[in-house]
**Student:** 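The structure follows.
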Amino acid sequence: MSDEPAPSLAEAPYGPEADAPAAPPAGVQRQRLHPLTPLLESFRFLTAAVAAAGLQAFTSRNFLFAIYIALAAAVVGGIASLIALQYRGFVIWGRELHIYGGVFTRSHRTVPLDRLQSVDLARPIRARLFGLAQLNIEVAGGDGTDAKLAYLKADRALELRAELLAIAGRPPAEPAPKPAEGEAPDRDAGLLVPQLTVKRLALASVLEALPVQVTALLVFGTAFAVTGSIFGFSTVATTLWVGFFAPALLGYLQSTVAMVNRFLRNGRFRIGRDGGNLLIQRGLTDTSHETVPVDRVTAVSFDEPVLWRSRQWRRIEVWTAAVAQQSATAVKSTTALPVGEPDQVAVVAAAAVPDLPSVFATERPPARARWRMPLRWKRTGAALTDRAFVVRHGYWVNTHVAVPYARIQSVKVTQGRVQRMQGLATVRALAAGGVGHDAVALHRDVREAVAMAAELRERADAAAALERPRLS
């Protein structure tokens with residue numbers, strides 16, 4: 001052991017952290033959110049309270065009691081809002097956004113703007129009534145929406161969005177040029193495809209939900225007719241109502257509500273492109289302005305419900321790196337086109353991933369795998385195109401998933417016991433993020449699976465080597 005003294009510690013830490021901006025001083029004035037923010041965030045609770053008070057007043061005929069409850073809720077809500085606003089706010093300090101909140105449990109969240117991916121503007125209907133909006137902020141490598149600023153005045157939200165994007169080096173989209181004097185404004189100017197009409201969206205929503213609902217009606221109707229003729233219709237009707245029809249009615253209501261929500265969410269859909277970003281606007285009741293960075297798209301899926309096929313309609317979903325890193329139970333995507341014709345689908349697909357085609361010729365699994373998926377075998381396949389690895393699956397909804405080679409981080413081949421007996425294997429290409437929309441080629445011949453995996457690794461390394469910097 002050497003007797004020399006240990007070197008003294010450095011006065012400042014080494015590495016990039018040494019130049020990182022410190023937290024804002026305690027005396028820095030925080031920017032406040034709108035005073036109505038706490039009330040709007042507790043909107044559902046207040047609605048439930050009002051509904052309960054109204055029901056109580058209707059059943060007991062004591063309307064004075066309902067008035068007292070409403071006044072008490074208003075006073076308590078107002079005091080709670082004033083207290084909450086004292087501890088909520090945000091500060092832009094250097095290249096970081098600091099968000100503060102909490103009354104009993106204080107929180108301080110730091111968002112590094114160097115890693116900013118997008119800033120989306122959302123306006124729920126309860127906020128639109130007061131001219132307010134919220135900002136959803138995503139950073140690369142985060143778990144979905146990393147931060148939210150709700151609520152701000154709509155014009156202030158737009159200014160703040162532009163300021164954050166400017167600090168991050170991602171300038172906002174240029175405003176559309178105004179039409180010359182005397183010319184009618186073109187609502188489709190600057191868009192990749194024409195604005196989606198309400199008629200087409202409504203028809204597409206109904207056609208997508210119709211097959212499952214009709215099939216369920218046929219199954220229940222047939223079961224009722226057969227069992228009723230054997231055991232008596234009155235006895236079977238009571239049993240089926242308690243055991244099947246009542247739960248089925250709830251399922252129908254849920255399916256209908258989901259269909260209506262999808263229609264309202266995608267109403268007045270518009271998509272354009274500004275530089276390296278896809279700009280998406282949507283919503284009839286709750287409006288949103290979303291930004292999808294093209295350089296972070298990890299997968300594109302093309303969905304074709306069964307009743308859309310005669311019209312050649314398809315839907316496009318885009319997956320990005322930040323969204324792919326959410327937990328498996330919360331994975332989400334961005335709808336890049338709710339419903340479109342072949343030429344519109346081709347335009348949007350090429351905008352999301354340059355040179356990506358929209359029509360693919362996939363090869364089915366071997367015939368010996370057909371018994372494992374008798375209904376889906378004809379609509380299951382895989383292909384290695386010039387630009388991406390493509391897999392096909394689904395029955396009611398025929399889906400193609402395309403993962404660009406540069407976005408593939410790892411490839412693995414799996415083989416179960418029954419697959420081993422049949423000489424089959426499954427190839428899985430994991431996209432950037434690890435828990436995203438991976439591409440899975442089911443039940444391939446084992447020799448083909450090994451060769452496919454080797455080819456995928458080679459193409460992924462070659463494509464990633466051409467990117468600077470590489471997406472991780």
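Computed from heavy atoms alone, side chains included, the values below leave out hydrogens, waters and symmetry copies.
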**Student:** Main chain of R407, side chain of T298: is a donor-acceptor contact present, judged purely on distance under 3.5 Å?
**Tutor:**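 Checking the backbone N and O of R407 against the side chain of T298, no donor-acceptor pair under 3.5 Å is found.
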**Student:** For T37, enumerate each residue passing the side-chain hydrogen bond (donor to acceptor under 3.5 Å, both in side chains) test, keeping only those at least two apart in sequence or located in another chain.
**Tutor:**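 With neighbours one apart ignored, the set is empty.
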**Student:** Would a distance-only check, ignoring hydrogens and angles, find a side-chain to backbone donor-acceptor pair under 3.5 Å from Y405 to D386?
**Tutor:**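 No; judged by distance alone, with no hydrogens or angles, the pair does not exist.
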**Student:** Only distances under 3.5 Å count here; give the side-chain donor-acceptor pairs of residues 302-313 to other protein atoms, sequence neighbours excluded, each with its distance to 0.1 Å.
**Tutor:**
| from | atom 1 | to | atom 2 | distance (Å) |
| --- | --- | --- | --- | --- |
| D303 | OD1 | T399 | OG1 | 3.0 |
| W308 | NE1 | A204 | O | 3.1 |
| R309 | NE | E304 | O | 3.4 |
| R309 | NH2 | Y395 | O | 2.8 |

**Student:** For side chain to side chain contact (heavy atoms under 4.5 Å, CB included), just list the numbers for Q409 and L430, CA-CA rounded to whole Å, side-chain angles, deciding distance to a tenth of an Å, and then say yes or no.
**Tutor:** CA-CA 6 Å; Q409 288 194 330; L430 282 73; 5.6 Å; no
**Student:** Show the nearest heavy-atom pair for residues Q134 and A150, with the distance to one decimal.
**Tutor:**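 Distance-wise, the nearest heavy atoms are CB-CB, 3.5 Å.
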**Student:** Is L116 close to I167 at the side-chain level, that is, under 4.5 Å between some pair of heavy atoms?
**Tutor:**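 Counting from C-beta outward, I167 and L116 never come under 4.5 Å.
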**Student:** Does the pair E138 and T291 meet the rule for a side chain to side chain contact (heavy atoms under 4.5 Å, CB included), with working shown?
**Tutor:** CA-CA 10 Å; E138 291 184 358; T291 303; over 6 Å; no
**Student:** How far apart are the C-alpha atoms of V401 and H393, what are their side-chain angles, what is the distance that settles it, and do they pass the side chain to side chain contact (heavy atoms under 4.5 Å, CB included) test?
**Tutor:** CA-CA 9 Å; V401 179; H393 59 82; 4.0 Å; yes
**Student:** Could you tell me which non-hydrogen atom of N266 sits nearest to which non-hydrogen atom of L196, and how far apart they are?
**Tutor:**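 That would be O-CD2, 4.3 Å.
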**Student:** Test V440 against V427 for side chain to side chain contact (heavy atoms under 4.5 Å, CB included), laying out the working first.
**Tutor:** CA-CA 6 Å; V440 182; V427 180; over 6 Å; no
**Student:** Any chance you could measure L201, atom CG, to Q195, atom CD, to the nearest 0.5 Å?
**Tutor:**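 So the gap between those two atoms works out to 11.0 Å.
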**Student:** Search all heavy atoms of F269 against all heavy atoms of A336 and return the closest pair with its distance.
**Tutor:**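 Reported closest heavy-atom pair: CZ-O, 3.2 Å.
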**Student:** Of the options I280, L192, V193, which is the one that meets L337 in a side chain to side chain contact (heavy atoms under 4.5 Å, CB included)?
**Tutor:**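 Of all the options given, the one that passes is V193.
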**Student:** With rounding to the nearest 0.5 Å, note down the distance linking CG in L97 to CG in L149.
**Tutor:**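 Those atoms lie 6.0 Å apart.
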**Student:** Going from CG on D286 to CZ on R128, what distance comes out if it is rounded to the nearest 0.5 angstrom?
**Tutor:**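 Separation between the atoms: 8.0 Å.
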**Student:** For I316 and A349, work out which heavy atoms get closest and say how close.
**Tutor:**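 Reported closest heavy-atom pair: CD1-N, 4.0 Å.
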**Student:** Find the distance between CZ (R282) and CG (L284) and round it off to the nearest 0.5 Å.
**Tutor:**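 Going from the CZ atom of R282 to the CG atom of L284 covers 11.5 Å.
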**Student:** Does R30 make a cation-pi contact with Y100, if we ask for NZ or CZ under 6.0 Å from the ring centre and within 45° of the axis?
**Tutor:**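 Yes, a cation-pi geometry holds between R30 and Y100.
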**Student:** For A168 versus L113, what's the shortest heavy-atom pair and its separation?
**Tutor:**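 For A168 and L113, the tightest heavy-atom pair comes out as CB-O, 3.1 Å.
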**Student:** For R123 and L132, indicate whether the former's side chain and the latter's backbone hold a donor-acceptor pair under 3.5 Å.
**Tutor:**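 Looks like yes, one N/O pair under 3.5 Å.
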**Student:** Ignoring hydrogens, what is the shortest heavy-atom contact between A388 and L356? Give both atom names and the distance.
**Tutor:**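 So the two residues come closest at CB-CD1, 4.0 Å.
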**Student:** Looking only at side-chain N and O atoms, does T335 offer a donor or acceptor that is under 3.5 Å from a partner on R262?
**Tutor:**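 R262 vs T335: no donor-acceptor pair found between side chains.
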**Student:** Using only atom types and a distance under 3.5 Å, with no angle test, would you say the side chain of R161 pairs donor to acceptor with the backbone of V119?
**Tutor:**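 Checking the backbone N and O of V119 against the side chain of R161, a donor-acceptor pair under 3.5 Å is found.
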**Student:** Taking atom CZ of R156 and atom CD of E163, what is their separation to the nearest 0.5 Å?
**Tutor:**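 One gets 6.0 Å once the value is rounded to the nearest 0.5 Å.
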**Student:** Can you tell me if CG on D355 sees more than 12 non-hydrogen neighbours from other groups inside 6.0 Å?
**Tutor:**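 Incorrect, the count does not exceed 12.
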**Student:** Is the side chain of R457 donor-acceptor paired with the backbone N or O of V411 at a distance under 3.5 Å, no angle test?
**Tutor:**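 Yes, R457 side chain to V411 backbone: donor-acceptor pair under 3.5 Å.
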**Student:** Spell out, as yes or no, whether a donor-acceptor pair under 3.5 Å connects the side chain of R392 to the backbone of N398.
**Tutor:**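 Checking the backbone N and O of N398 against the side chain of R392, no donor-acceptor pair under 3.5 Å is found.
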**Student:** Measuring only between side-chain heavy atoms, which start at C-beta, is S288 closer than 4.5 Å to R265?
**Tutor:**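 Result no, sub-4.5 Å side-chain heavy-atom pair not found.
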**Student:** Please examine the side chains of P404 and R387, heavy atoms only from C-beta on, and report whether any two atoms are closer than 4.5 Å.
**Tutor:**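 With C-beta onward as the side chain, the pair touches.
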**Student:** A side-chain contact here means heavy atoms from C-beta on lying under 4.5 Å apart; do R273 and V294 qualify?
**Tutor:**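 In contact.
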**Student:** Are the side chains of M259 and V206 in contact, using a 4.5 Å heavy-atom criterion?
**Tutor:**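 SC-SC contact between V206 and M259 confirmed.
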**Student:** Does S358 offer a backbone N or O that forms a donor-acceptor pair with the side chain of R314 under 3.5 Å?
**Tutor:**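 Pair found, side chain donor or acceptor close to backbone of S358.
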**Student:** Answer yes or no: is there a side-chain heavy-atom contact under 4.5 Å between H34 and L152?
**Tutor:**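 SC-SC contact between H34 and L152 ruled out.
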**Student:** Find the distance between OG1 (T334) and CG (D120) and round it off to the nearest 0.5 Å.
**Tutor:**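 These two atoms lie 7.5 Å from each other.
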